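One structure below.
Keep in mind that what you see is a predicted model, and the values were worked out from it rather than measured. Side chains included, hydrogens not; waters and symmetry mates left out as well; all remaining heavy atoms used.
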Amino acid sequence: MNNDILQRLTETIEARKGAAAESSYVAKLFSKGDDAILKKVIEEAGEVLLAAKDDDKQHLTYEVADLWFHTLVLLAHKGLSADDVLNELARREGVSGIAEKASRK
């Protein structure tokens with residue numbers, strides 16, 4: 001069940017792209033554009049860091065879920081999806097992090 005959640009979320013987020021802003025939270029974010037979406041990602045990333053410092057696993061899990069969700073919204077806004085990120089992770093699998101980073105130069 002959980003292995004399909006990224007696909008289902010991606011489909012739901014995509015469906016909200018053309019929706020009226022007052023119809024959903026995601027549609028409202030899309031209508032506000034880059035700055036609002038980026039602000040939410042930054043906000044959620046900060047909350048992840050604070051939750052990690054508190055050493056509260058449940059709170060950390062909750063905040064990471066928020067960060068992932070808002071990152072999916074950002075990806076959709078930019079014409080990307082979770083599959084794009086998963087494909088990139090698959091490409092990097094088995095490659096030294098040092099070698100992968102050096103290949104980007």
What distance separates [X] [atom1] from [Y] [atom2], expressed to the nearest 0.5 Å?
| X | Y | atom1 | atom2 | value |
| --- | --- | --- | --- | --- |
| T71 | L80 | OG1 | CG | 12.0 Å |
| L67 | I42 | CG | CD1 | 11.0 Å |
| L29 | D35 | CG | CG | 12.0 Å |

Same cluster (ILVMFWY, side-chain, under 4.5 Å), [X] and [Y]:
| X | Y | result |
| --- | --- | --- |
| L50 | W68 | no |
| Y62 | V41 | no |
| V85 | L72 | yes |
| L49 | F69 | no |

Task: Pairs flagged by salt bridge (Lys or Arg N to Asp or Glu O under 4.0 Å) wherever residues 10-26 is involved - sequence neighbours left out - done: E14-K17
Open item on the list: Please list all pairs meeting salt bridge (Lys or Arg N to Asp or Glu O under 4.0 Å) that have one or both residues in residues 55-81, counting only residues at least two apart or in different chains.
Closed with: D34-K78
- [ ] Could you tell me which residues satisfy side-chain hydrogen bond (donor to acceptor under 3.5 Å, both in side chains) with Y25, sequence neighbours excluded, listed by chain and number?
- [x] H70
Task: Those residues that, when tested against E44, pass side-chain hydrogen bond (donor to acceptor under 3.5 Å, both in side chains) (two or more places apart) - done: K40
Task: With K32 via side chain to side chain contact (heavy atoms under 4.5 Å, CB included) - residues at least two apart - done: K28, A36
- [ ] Go through the structure and list residues passing side chain to side chain contact (heavy atoms under 4.5 Å, CB included) with A15, not counting sequence neighbours.
- [x] none
Open item on the list: Please evaluate residues Q58 and T61 with respect to the criterion side-chain contact (heavy atoms from CB on, under 4.5 Å), reporting the C-alpha separation (whole Å), side-chain torsions for both, the decisive distance (0.1 Å), and the verdict.
Closed with: CA-CA 5 Å; Q58 184 176 5; T61 301; 5.7 Å; no
Task: Ionic contact status for K39 with E43, cut-off 4.0 Å - done: no
Task: Closest heavy-atom pair and its distance - A21, S31 - done: CB-OG, 3.5 Å
TODO: Could you walk me through whether V26 and T12 pass the side-chain contact (heavy atoms from CB on, under 4.5 Å) test, one step at a time?
DONE: CA-CA 9 Å; V26 172; T12 300; over 6 Å; no
Open item on the list: Within the structure provided, determine whether L86 and L6 are in side-chain contact (heavy-atom separation under 4.5 Å).
Closed with: yes
Open item on the list: Just so I know, are the side chains of I13 and L75 near enough to count as touching, which here means a heavy-atom distance under 4.5 Å?
Closed with: no
